[in-house]
Amino acid sequence: MLQIFNTLTRHKAVFVPLDPTRVRMYVCGITVYDFCHVGHARMMVVFDVVYRYLVHLFGSAQVIYVRNITDIDDKIIKRAHENQEDYHATATRFIAAMDQDLRALGVLTPSQEPRATEFMPQIIDMIAVLERKGFAYRAANGDLYYDVTRFGPYGKLAGRQLDDMQAGARVEVGPAKKNPFDFVLWKAAKAGEPAWDSPWGAGRPGWHIECSAMSVQCLGEHFDIHGGGRDLQFPHHENEIAQSCAATGAAFVNVWMHNGFVEIDKEKMSKSLGNFFTIREVLAKYPPEVLRYFILTSHYRSPLNYSDQQLDAARAALTTLYTALRDINPRVSTHLDTSFRQRFFAALDDDFATPEALAVLFDLAHAINRCRHSTPQEAAGYAHELRSLAGLLGLLHADPTRFLQAGGDNRLDDAMIQALIEQRIAARNAKNFKHADQLRDQLLAAGIVLEDGPTGTTWRRK
RNA sequence: GGCUGGGUAGCAGAGUGGUUAUGCAGAGGACUGCAAAUCCUUGGACGUCGGUUCGAUUCCGGCCCCAGCCUCCA
């Protein structure tokens, strides 16, 4: 039984979909004005695992996963202006970059990826409903605001009362607002800004309303899971609740999920602090699967401390797993110890406890290594088990030898490596171990590790 | 000021009222020409002060420390 921690209740609870034939999840994607960083990668990978596991439990045709793209917003306009290009060109460019990064990380494509600019009529409709119901007001600056005092439960998701919050703790409060926590629904366009026509004049939607409109449009008024980074809990998701519930009069989301931050030196990785690494920066140094593995080594709600040391450890760990799979043809076996599988699913059932699930993978790798020579068919069975369980996490899809030999600085290509290995074999056969060791050291200096086994010499990159 | 989380071995990171997490790193052994990989064995831990308990890292309370949110942010 899958249990999920619900931010709304601060408890884990058994997940029961509203409609078991249509499990519906919405995740806040990114605003496309720059390359994705490791923090984005974490969110994408975490919810990718959630999606994969829901598909495993309910079937691929039963799970609808919507992840939006914010393709119009102040930052995009600013970036486009800096680059002297159309806002749309900026957005398109960074969407392509994002797709490339996510493909590398093995993140599955969601069922739908709605973009704000494609949902203008629906967004405007929802705002109009809010205005008609008295939840909106026009400020002196022309912007249309949501009046938070009109929505009773405001603050429930954040776990705080309006009165408790210190408005303007870190920034000046907008002077046009009646209440400091009021937020913009429709932003009046300034000269030269991209704009859409609306009952409130030319302008663009506020950030929060687009997610309310798109989620309701794609999944219905009331759906199962809504996710995103912890930083979206307040005010973004709080505001979504206020808008959606006020507009539809229905319950909005059953389970709210928030992933923890990526940190560097105990500090949140963020654009504003400037302490971020983009996904592509990391992928220039490490195979994408290493980054994915690294993300899954900590529970999704915990902080994840980023460092090269951790990435190195992740690569070493994957090397261990792939080494176990090397030279084995995974085959389904009917009489296997099923405790691995049971532990693995128990871990994921417990609020997606990936660290525990990964531990099971290592136990399987050890099981393979223990019996790979004595009972190869058993080893093949465990290898199949390892592959299929890891596959649920989006890991261990690669050919083992390809993973183990990938990367490197290409000082030596495969043919050169092979030639040096042949030379060394000749030297060994001639009992000229000094020369053989020299060749091995030469390869090691180039990052190539040799392994002499009963069936010959294999190599991998360090 | 309000609100959330958290402090576990060298590093990372799970978990549990009494019994091995796991990975990387370390030690010893097997294997190897020597290595590497692998296997076997193994050292090392639960911020602090109290309380509950036969027994607490694990429950309760105080304290200290850290991070995050209360603009935008995954």
Side-chain angles (χ1 to χ4, degrees), chain A residues 7 10 27-31 36-47 73-75 155 158-174 180-181 183 207 227-236 238 258-263 266-273 276 293-294 297-299 301-305 307 309-310 312-321 323-324 326 343 347 350 353-363 365-366 368-373 404 428 431-434 436-437 440-441 444 449-454 457-460 462:
Chain A
T7 308
R10 318 283 139 128
V27 171
C28 287
I30 65 161
T31 303
C36 293
H37 60 66
V38 178
H40 298 117
R42 185 180 195 192
M43 176 273 289
M44 296 291 189
V45 169
V46 160
F47 286 103
D73 127 300
D74 291 0
K75 285 176 180 158
R160 44 185 107 156
Q161 307 281 312
L162 270 178
D163 296 343
D164 292 338
M165 291 190 271
Q166 193 173 21
R170 285 153 64 200
V171 78
E172 288 291 307
V173 173
F181 293 100
F183 53 91
W207 176 42
R230 165 115 50 244
D231 42 5
L232 299 189
Q233 186 181 333
F234 190 91
H236 183 57
E238 190 73 57
H258 293 98
N259 65 276
F261 298 131
V262 176
E263 300 179 349
K266 299 253 173 190
E267 219 174 28
K268 176 187 172 188
M269 177 185 285
S270 76
K271 285 287 174 68
S272 26
L273 288 169
F276 62 89
Y293 176 91
F294 163 69
T297 55
S298 105
H299 183 87
R301 284 188 281 118
S302 301
L304 177 64
N305 207 17
S307 71
Q309 194 193 5
Q310 288 317 303
D312 289 341
R315 172 152 61 188
L318 274 176
T319 296
T320 299
L321 295 175
T323 300
R326 188 170 53 180
R343 281 171 52 216
D350 183 13
T354 53
E356 182 64 28
L358 291 177
V360 175
L361 300 187
F362 285 94
D363 292 341
H366 293 141
I368 293 169
N369 288 330
R370 270 194 293 268
C371 66
R372 65 189 306 140
H373 298 303
L404 294 169
R428 288 181 75 206
K431 303 283 185 209
N432 186 350
F433 295 120
K434 195 175 174 193
D437 290 352
R440 186 169 61 195
D441 291 343
L444 186 62
V449 180
L450 296 191
E451 296 171 355
D452 298 328
T457 298
T458 56
W459 64 275
R460 64 183 166 88
K462 196 162 65 171

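The chains referred to below are lettered A, B, ... by the order of the sequence lines, with proteins before strands, and numbering in each begins at 1.
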So what does A:M44 touch, heavy atoms closer than 4.0 Å: a base, only the sugar-phosphate, or nothing? nothing
Indicate, with a heavy-atom threshold strictly under 4.0 Å, whether A:G39 touches base, sugar-phosphate, or nothing. base
B:rC24 versus B:rG50 - spacing of their C1' atoms, nearest Å: 38 Å
Between B:rA74, B:rC11, B:rG23, which nucleotide gets closest to the side-chain atoms of A:Q310? B:rC11
One should report the stems of RNA chain B, each a stretch of at least three consecutive Watson-Crick or G-U pairs at distances under 3.5 Å, as B:1-7 with B:64-70, B:10-12 with B:22-24, B:26-30 with B:38-42, B:47-51 with B:59-63
If we take the P atom in both B:rG15 and B:rU22, what is their distance in whole Å? 15 Å
If you find the nucleotide of RNA chain B closest to A:S298 and the one closest to A:C28, which residue's nucleotide is nearer the 5' end? A:S298
Check salt bridge (charged side-chain N to carboxylate O under 4.0 Å, His left out) between A:D312 and all other residues, then give those that pass, not counting sequence neighbours. none
Among B:rG23, B:rA74, B:rC11, the nucleotide that comes nearest once only the side chain of A:V262 is considered: B:rA74
Considering every strand and a 4.0 Å limit on heavy-atom distances, what is the contact class for A:A158: base, sugar-phosphate, or nothing? sugar-phosphate
Once you apply a heavy-atom cut-off of 4.0 Å, does A:L358 come out as touching a base, just sugar-phosphate, or nothing? nothing
Euclidean distance for C1', B:rA14 against B:rA35 (whole angstrom): 34 Å
Could you give the NZ-to-C1' distance, from A:K431 to B:rC34, as a whole number of Å? 12 Å
Determine yes or no for a side-chain-to-main-chain donor-acceptor pair under 3.5 angstrom, with A:R230 supplying the side chain and A:F261 the backbone. no
Roughly, in whole Å, what's the span from CZ in A:F294 to P in B:rC11? 16 Å
Pairing residues for A:F234 by the ring-ring contact (aromatic ring centres under 6.0 Å, His included) criterion, not counting sequence neighbours: none
5'-most contact on RNA chain B: A:S270 or A:E267, nearest heavy atom basis? A:E267
Between B:rU48 and B:rC40, how far is it from one C1' atom to the other, in whole Å? 40 Å
Among B:rU22, B:rA14, B:rU71, which nucleotide has an atom closest to any side-chain atom of A:P235? B:rU71
Measure from the side chain of A:K266, starting at C-beta and using heavy atoms only, and say which of B:rA74, B:rC69, B:rA67 lies closest. B:rA67
For the side chain of A:T31, starting at C-beta, report the closest nucleotide among B:rA14, B:rA74, B:rA36. B:rA74
Just to verify, what does A:H40 make a ring-ring contact (aromatic ring centres under 6.0 Å, His included) with, not counting sequence neighbours? A:H37
N/O contacts under 3.5 Å, protein versus nucleotides 40-44 of chain B?
{"unit_1": "B:rC40", "atom_1": "OP1", "unit_2": "A:R370", "atom_2": "NH1", "d": "3.0"}

By side-chain hydrogen bond (donor to acceptor under 3.5 Å, both in side chains) - contacts of A:D73 (at least two apart): none
Could you write out each protein N or O paired with an N or O of nucleotides 29-33 of chain B at a distance under 3.5 Å?
{"unit_1": "B:rG33", "atom_1": "N7", "unit_2": "A:R428", "atom_2": "NH2", "d": "3.3"}
{"unit_1": "B:rG33", "atom_1": "O6", "unit_2": "A:R424", "atom_2": "NH2", "d": "3.4"}
{"unit_1": "B:rG33", "atom_1": "O6", "unit_2": "A:R428", "atom_2": "NE", "d": "3.1"}
{"unit_1": "B:rG33", "atom_1": "N1", "unit_2": "A:D437", "atom_2": "OD1", "d": "2.9"}
{"unit_1": "B:rG33", "atom_1": "N2", "unit_2": "A:D437", "atom_2": "OD1", "d": "3.4"}
{"unit_1": "B:rG33", "atom_1": "N2", "unit_2": "A:D437", "atom_2": "OD2", "d": "2.6"}

Measure CZ/A:F183 against P/B:rU71 and give the value in whole Å, please. 13 Å
Would you mind telling me which of B:rG23, B:rA74, B:rA14 lies closest to the side-chain atoms of A:S302? B:rA14
Please enumerate all residues that pass salt bridge (charged side-chain N to carboxylate O under 4.0 Å, His left out) together with A:R370, with sequence neighbours excluded. none
Can you check the distance between B:rU52 and B:rG61, where both ends of the measurement are the C1' atom (answer in whole Å)? 11 Å
Measuring only the P atom in each nucleotide, how far is B:rG51 from B:rU58? A whole number of Å is fine. 14 Å
Expressed in angstrom and rounded to an integer, what is the separation of A:Y293 atom OH from B:rU22 atom P? 13 Å
Which residues satisfy the side-chain hydrogen bond (donor to acceptor under 3.5 Å, both in side chains) test with A:E267, sequence neighbours excluded? none
Residues two or more places apart in sequence or in another chain: which of them pass side-chain hydrogen bond (donor to acceptor under 3.5 Å, both in side chains) with A:N369? A:R372
Which listed nucleotide (B:rG13, B:rU38, B:rA37) is nearest to the side chain of A:N369? B:rU38
Among all residues two or more places apart in sequence or in another chain, which pass the side chain to side chain contact (heavy atoms under 4.5 Å, CB included) test with A:S302? A:S298, A:H299
Spacing of A:K268 atom NZ relative to B:rG6 atom P, expressed in whole Å: 19 Å
Between B:rC3 (P) and A:R160 (CZ): distance, integer Å: 10 Å
For A:D73 and B:rU71, give me the distance from atom CG to atom P, rounded to whole Å. 18 Å
Side-chain contact test, heavy atoms from C-beta onward, threshold under 4.5 Å: evaluate it for A:L232 versus A:M43 and give yes or no. no
What is the distance, rounded to the nearest whole Å, between atom CZ of A:R301 and atom P of B:rG15? 9 Å
Within the structure shown, what part of the strands sits under 4.0 Å from A:Q233 by heavy-atom distance: base, sugar-phosphate, or nothing? nothing
Hey, is the main chain of A:A158 close enough, under 3.5 Å, to the side chain of A:E238 for a donor-acceptor pair? yes
Between B:rA36, B:rA14, B:rU22, which nucleotide gets closest to the side-chain atoms of A:E356? B:rA14
Heavy atoms only: give me the nearest A:F47-A:G227 pair and the separation to one decimal. CZ-CA, 3.6 Å
Among B:rA14, B:rA37, B:rC72, which nucleotide has an atom closest to any side-chain atom of A:K75? B:rC72
How close do A:I30 and A:C36 get, counting heavy atoms only, and between which atoms? CD1-SG, 3.3 Å
If we take the C1' atom in both B:rG13 and B:rG17, what is their distance in whole Å? 22 Å
Taking the same atom, P, in B:rU20 and in B:rA45, what whole-Å distance lies between them? 15 Å
Within the distance-only criterion (no hydrogens, no angle test), does the side chain of A:E263 pair as donor or acceptor with the backbone N or O of A:N305 below 3.5 angstrom? no
Scan A:E263 against the nucleic acid and name what it touches under 4.0 Å (heavy atoms): base, sugar-phosphate only, or nothing. sugar-phosphate
Does A:H236 have any ring-ring contact (aromatic ring centres under 6.0 Å, His included) partners at least two apart in sequence or in another chain, and if so, which? A:W207, A:H208
